[in-house]
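What follows is a short report on a single structure.
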There are 2 protein chains.
Amino acid sequence: MSEVEIPLRDKILDISRDLLFEEGYKALSMRKIARKANVTATSIYLYFENKDHLLHTLIEESVEELSVFIEERALPQKEPLARFEAIIDGYVDFAVHFPEKYEVIYMVRPDAMARYPKEKFRKARRCYELLVETIQDGISHGVMDVDKPVTAAYSIWAQLHGIVSVVHNKRLDSRVDSEQFIQDSVEHVIQGFLTRASVT
Amino acid sequence: MSEVEIPLRDKILDISRDLLFEEGYKALSMRKIARKANVTATSIYLYFENKDHLLHTLIEESVEELSVFIEERALPQKEPLARFEAIIDGYVDFAVHFPEKYEVIYMVRPDAMARYPKEKFRKARRCYELLVETIQDGISHGVMDVDKPVTAAYSIWAQLHGIVSVVHNKRLDSRVDSEQFIQDSVEHVIQGFLTRASVT
DNA sequence: TAGGAGCAGTTAACACTGTTAACCTAATTA
DNA sequence: TAATTAGGTTAACAGTGTTAACTGCTCCTA
């Protein structure tokens, strides 16, 4: 078919991600994926235990990419404030530039996640722990004002996800520019955790 | 069967909500609902156009209850700060005390929502607008420090939802007490929007 | 060079899903 | 009494995830 033969496993993942993003979770079926890959549905089971595992693999892939994306931006920054901002910007930038990958992470509901191996969560935690450490650093440098870094980190992820969701789901007031909305919101999130002294 | 004959429509809604909460979205089927109601699957179609509409009704019901719950606590408060706290506490209390109703609101994914009539969103907006107004009030009273109330309100919902989700999905570190976590987080959310002068 | 192992895919089938069309029956109304 | 309607049923259709059993085909070894 194509010039370069893509291994079927990767082809299935690509097709699944596209279908998931375009038609949503409900419309995703093994047979539809197979049809797009010019293959029988049963062939998918040669590479994935079942539909859930296929989705988990997709999630895991995206989480890994998001983690790398954030770390690439954050780790070079040595100042706690700069690193803090880099983490947040990294998260939002990833969501804006790769919506189909970002959405996958949150698209599949926890009920399908029931069998999701606990250990896999660790990967998602890598960035979370980086954020916690950065906040702790910020506190000792006197630039951040937070009581409980662990709680604050949770709140920040939730806040960012909320901002991104509003834009992705097009729930924004039509008069509001989405670029501007994101920029303002992110700025607000950041400022909410700084000491008064360090506000620019 | 039962002493008091519950109308079938209500019975279907109750059974659906329970099944949805206990077994998740994926496991919810028309036939299973019908079986629990001692009725045929097709009977459900006498009261609901299809499965999506049944779920939409469930969501709408919960959104309405949440709105009433919040308004009951917030409207009596006339001071902007007290009302601000009442809205936030109301939201979290509802989520903690009626998890099966709260979860329904976020359980069904936007792809099933595609056909969800735009007008229905207004109801969800009632409390959102109350929050915006309260923030604006707080600003003019000099107790709140927010640039864009509209954006801030979005952020607050997202933040609260994130906090609640972590607890509901039992993703919390086993050493962390969930009651304490909620209390600390909420406090942190609130403090993030106050002027330094008004911090207790 | 023959034969077996194993890879990569297939076909056929099972039990289950949402949904529709056609039908029945008992109560209410004209 | 006759007609209509409300509230349910049965049977069927197309589509779903998943399994067991099969087919070619390539490669390694005796």
Side-chain angles (χ1 to χ4, degrees), chain A residues 1-2 4-59 104 107-117, chain B residues 1-2 4-59 104 107-117:
Chain A
M1 298 284 150
S2 53
V4 192
E5 272 306 310
I6 306 174
L8 185 53
R9 203 192 107 103
D10 292 348
K11 206 173 166 187
I12 289 169
L13 284 173
D14 287 346
I15 290 170
S16 302
R17 182 173 33 250
D18 289 353
L19 278 175
L20 201 53
F21 184 62
E22 278 162 24
E23 305 186 12
Y25 174 66
K26 247 185 74 177
L28 185 73
S29 87
M30 300 297 257
R31 286 177 159 91
K32 203 184 277 184
I33 296 167
R35 223 174 295 136
K36 279 224 171 194
N38 283 318
V39 129
T40 343
T42 47
S43 296
I44 301 175
Y45 291 85
L46 296 171
Y47 302 95
F48 303 95
E49 208 174 312
N50 53 38
K51 196 182 179 187
D52 280 358
H53 274 71
L54 168 55
L55 291 169
H56 294 160
T57 308
L58 227 45
I59 295 171
V104 163
M107 195 160 257
V108 183
R109 297 261 78 206
D111 49 308
M113 299 279 256
R115 301 192 240 165
Y116 196 66
Chain B
M1 301 283 147
S2 53
V4 192
E5 272 305 311
I6 306 174
L8 185 54
R9 204 191 106 103
D10 292 347
K11 206 172 165 188
I12 290 169
L13 285 172
D14 287 346
I15 290 170
S16 302
R17 180 173 36 249
D18 288 354
L19 279 174
L20 200 53
F21 184 63
E22 278 162 24
E23 305 187 12
Y25 174 66
K26 247 185 74 177
L28 184 74
S29 88
M30 299 298 257
R31 285 177 159 92
K32 203 184 277 187
I33 296 167
R35 223 174 296 138
K36 279 222 170 196
N38 283 318
V39 130
T40 343
T42 46
S43 295
I44 300 175
Y45 291 85
L46 296 172
Y47 301 95
F48 303 96
E49 208 174 312
N50 52 39
K51 195 183 179 185
D52 280 358
H53 274 71
L54 167 56
L55 291 169
H56 293 160
T57 308
L58 227 45
I59 295 171
V104 162
M107 196 160 256
V108 183
R109 296 261 78 206
D111 50 307
M113 299 280 256
R115 300 191 242 165
Y116 196 66

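In what follows, chains carry the letters A, B, and so on, assigned in the order in which the sequence lines appear, proteins first and then strands, with residues in each chain numbered from 1. Predicted model only: the values in this text are computed from it and were never measured.
- Residues meeting the salt bridge (Lys or Arg N to Asp or Glu O under 4.0 Å) test with Asp14(B), sequence neighbours left out: Arg17(B).
- Across the protein-nucleic acid pair, Ile44(B) atom CD1 and dT17(C) atom C1' stand 13 Å apart, rounded to whole Å.
- Under the salt bridge (Lys or Arg N to Asp or Glu O under 4.0 Å) criterion, Lys36(B) pairs with no residue at all, not counting sequence neighbours.
- In this structure, Leu28(B) reaches the sugar-phosphate backbone alone: every heavy-atom distance under 4.0 Å involves primed, P, OP1 or OP2 atoms, never a base.
- If you measure from atom CZ of Arg35(A) to atom P of dG15(D), you get 8 Å, rounded to the nearest angstrom.
- The minimum heavy-atom distance between Leu20(A) and Tyr25(A), with the atom names listed, is CD1-CA, 3.7 Å.
- When the P atom of dT16(D) is taken as reference, atom NZ of Lys26(B) falls 15 Å away, rounded to whole Å.
- The closest side-chain heavy-atom distance from Phe48(B) to Leu13(B) is below 4.5 Å.
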Notebook entry, point to check: Do Val39(B) and Lys11(B) pass the side chain to side chain contact (heavy atoms under 4.5 Å, CB included) test, and can you show the C-alpha distance, the side-chain angles, and the key distance before you say yes or no?
Noted result: CA-CA 11 Å; Val39(B) 130; Lys11(B) 206 172 165 188; over 6 Å; no

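- The two residues Ala34(A) and Thr40(A) have their closest heavy-atom pair at CB-C, 3.5 Å.
- Rounded to whole Å, atom C1' of dC22(D) lies 19 Å from atom OH of Tyr45(A).
- Judged by distance alone, with hydrogens and angles left aside, Arg31(B) brings a side-chain donor or acceptor within reach of the base of dG18(C), the pair sitting under 3.5 Å.
- The distance from atom CG of Leu54(B) to atom P of dT17(C) is 15 Å, rounded to the nearest whole Å.
- Spacing between atom CE of Met30(B) and atom C1' of dT10(D) amounts to 17 Å, rounded to whole angstrom units.
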Margin query: Walk along nucleotides 6-11 of chain C from 5' to 3' and tag each nucleotide B, S or - by protein heavy-atom contact under 4.0 Å, base first, then sugar-phosphate.
Written below: ---BBB

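- Between the C1' atom of dT17(C) and the CG atom of Asp52(B) lies a distance of 14 Å, rounded to the nearest Å.
- The nearest whole Å value for the distance from the CD1 atom in Ile33(A) to the P atom in dT16(D) is 11 Å.
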